[in-house]
Number of protein chains: 2
Amino acid sequence: MTARPLVSPRARARAEMIEQIKQAAREHLAAEGPNLSLRAVARDLGVVSSAMYRYFASRDDLLTALILDGYTSLADAVEEAEGEVPRANLANRWIALAWATRDWALEHRHEYALLYGSPVPGYVAPQDTIGPATRPVVLAMHILADGVERGVVEVPADRLGREVRADMENVRTFAGFEGLPPTLLARGMSAWAQMHGTIGFELFGRLTNAVSDYDSYFDYQLRMMTRFLGLS
Amino acid sequence: MTARPLVSPRARARAEMIEQIKQAAREHLAAEGPNLSLRAVARDLGVVSSAMYRYFASRDDLLTALILDGYTSLADAVEEAEGEVPRANLANRWIALAWATRDWALEHRHEYALLYGSPVPGYVAPQDTIGPATRPVVLAMHILADGVERGVVEVPADRLGREVRADMENVRTFAGFEGLPPTLLARGMSAWAQMHGTIGFELFGRLTNAVSDYDSYFDYQLRMMTRFLGLS
DNA sequence: CGTTTGTCAAGAGCATTGCTCTCGAAGTAG
DNA sequence: CTACTTCGAGAGCAATGCTCTTGACAAACG
């Protein structure tokens with residue numbers, strides 16, 4: 001007698017097919033950009049287009065799956081890179097995080113555009129994307145919180161407006177940072193916007209004719225950033 | 001006898017038609033997002049779709065025209081706002097520039113996405129867009145150059161890498177800033193990326209659940225920025 | 001074992017898109 | 001008046017996302 005399989009062959013085949021579709025879709029994304037065509041990936045898989053709808057209710061659903069995978073892929077890469085730096089070296093932890101973000105963005109240009117570029121027209125992010133989506137920025141703020149805890153990061157003595165303070169408190173409790181002062185959090189958000197702004201400029205070709213050595217440029221931007229944050 | 005019109009009625013009608021098409025396209029852009037449909041604007045104008053091709057060789061050509069108009073519209077708004085601030089008030093000039101940018105972006109969300117968001121798939125920016133496209137950032141750097149000239153902005157004494165220095169020299173000569181030191185230019189680019197990063201975050205919904213009062217948030221970000229630039 | 005239930009790929013079909021071509025009407029210039 | 005150009009209309013082609021039906025096959029159950 002054979003043991004009942006833990007997952008039926010059917011469910012297994014289905015999971016494999018879903019993975020194949022996503023893989024083909026990713027390749028199409030990298031090749032032709034965000035104009036993802038269900039029929040095209042169906043052709044790649046030697047399958048008729050209507051069969052796709054057994055696995056994804058719509059093209060947007062496929063996109064959602066890709067976006068979700070993208071968020072976790074990016075977050076994994078970022079967390080791994082940051083995790084390899086000694087805890088006490090705050091500046092290098094931030095720099096490692098930023099480089100990992102940029103490296104991932106350059107390797108997955110169109111996926112990055114999907115995550116951080118202009119949103120797709122009719123698409124609305126479902127609730128379960130916000131978890132993976134916030135992992136990198138939560139990690140970044142964790143570095144700052146660590147610095148405060150270790151007493152090596154000086155807390156800016158700015159006077160925040162009431163609304164900004166409320167917003168920062170909101171973010172703080174959301175991410176679970178008790179020891180992170182709002183003024184420093186605001187600085188972190190500033191640096192975060194700068195990092196993604198710089199990466200976006202490079203990726204979307206807004207710096208052509210202006211910058212030739214993007215690595216050095218990014219490196220210098222990061223040096224200014226860590227100084228601005230009081231990490232170095 | 002009637003005088004020969006300076007521009008023939010035909011050329012005039014043509015120019016008007018082009019303007020009508022662009023206007024309808026802008027409205028469609030604002031309503032349905034970047035998925036601009038030639039046939040839809042043709043329907044709006046009560047005209048058959050093939051007639052569009054008498055005025056724009058392709059859908060991308062229409063987009064190019066909209067992008068070009070967008071750049072000049074944004075640049076006009078920014079230059080006007082900045083021009084109203086007394087020349088000596090460097091910080092307020094920068095702040096006015098930034099607010100004008102954000103205001104324009106909020107009023108023309110999809111056009112801003114066209115200009116600064118992820119690029120449209122097959123689209124390549126023609127050469128004649130780079131002029132209007134750089135007007136705002138040239139203006140921003142001009143404020144910094146002005147500050148150096150007036151001797152009120154301190155020049156950062158950073159040591160730039162050779163590549164970064166070369167890039168900054170490149171940008172400097174391109175924009176015609178002789179008196180702007182590379183280290184300050186690099187700071188300017190940093191602030192520029194931060195500004196567009198922050199605006200993009202707000203516009204593309206990357207700050208929902210984190211920020212509630214975007215005006216105050218942007219205001220505070222600007223205060224940090226002008227301090228970082230040495231303008232206040 | 002045999003029947004039922006559910007899942008699957010295939011195909012036809014609908015409305016939409018960008019774009020091309022041809023045709024006749026109408027305006028313009030000599 | 002005649003020759004030329006420009007225009008809008010319409011048909012048509014190759015795509016797209018998505019729906020529906022049909023027939024085959026596997027899993028589950030009695």
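Protein chains get the first letters and strands the later ones, always in sequence-line order, with residue 1 at the start of each. Atoms considered below: every heavy atom in the structure, side chains included; atoms not considered: hydrogens, waters and symmetry mates.
- Listed pair A:Ser37 / D:dG17 meets the phosphate criterion, a side-chain N or O lying under 4.0 Å from OP1 or OP2.
- Rounded to whole Å, the distance from CG on A:Leu62 to P on D:dG17 is 10 Å.
- Look at CZ on A:Arg43: it is 16 Å from C1' on C:dA10, rounded to the nearest Å.
- The phosphate of C:dC8 has OP1 or OP2 within less than 4.0 Å of a side-chain N or O from A:Arg14.
- Atom P of nucleotide C:dT20 and atom CZ of B:Phe56 are separated by 16 Å, given to the nearest angstrom.
- For A:His28 and D:dA15, the NE2 to P distance is 13 Å, given to the nearest whole Å.
- Within the nucleic acid shown, A:Leu45 has no heavy atom closer than 4.0 Å to any nucleic acid atom.
- A search for ring-ring contact (aromatic ring centres under 6.0 Å, His included) contacts involving A:Tyr71 returns nothing, not counting sequence neighbours.
- Enclosure of atom CZ in B:Arg223 is not indicated, since only 12 or fewer non-hydrogen atoms of other residues, nucleotides or ligands lie within 6.0 angstrom.
- For residues 188-197 of chain A, the pairs satisfying side chain to side chain donor-acceptor pair (under 3.5 Å) are A:Tyr112-A:His196, A:Ser190-B:Gln194, A:Gln194-A:Gln221, A:Gln194-B:Ser190, with sequence neighbours left out.
- Here CE of B:Met195 is found 6.0 Å from CG of B:Leu97. Values are rounded to the nearest 0.5 Å.
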Distances for protein N/O vs nucleotides 8-12 of chain D N/O pairs under 3.5 angstrom?
from: D:dG8; atom 1: OP1; to: B:Tyr55; atom 2: OH; distance (Å): 2.8
from: D:dG8; atom 1: OP2; to: B:Tyr55; atom 2: OH; distance (Å): 3.2
from: D:dG8; atom 1: N7; to: B:Arg54; atom 2: NE; distance (Å): 3.1
from: D:dG8; atom 1: O6; to: B:Arg54; atom 2: NH2; distance (Å): 2.4
from: D:dA9; atom 1: OP2; to: B:Val48; atom 2: N; distance (Å): 2.9
from: D:dA9; atom 1: N7; to: B:Ser50; atom 2: OG; distance (Å): 3.3
from: D:dG10; atom 1: N7; to: B:Ser50; atom 2: OG; distance (Å): 3.4
from: D:dG10; atom 1: O6; to: B:Ser50; atom 2: OG; distance (Å): 2.7

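- Per the geometry, CD1 belonging to A:Ile18 stands 13 Å off C1' belonging to C:dT7, to the nearest Å.
- The separation between B:Arg59 atom CZ and C:dT16 atom C1' is 14 Å, rounded to whole Å.
- Atom CG of B:Asp60 is separated from atom P of C:dT17 by 16 Å (rounded to the nearest Å).
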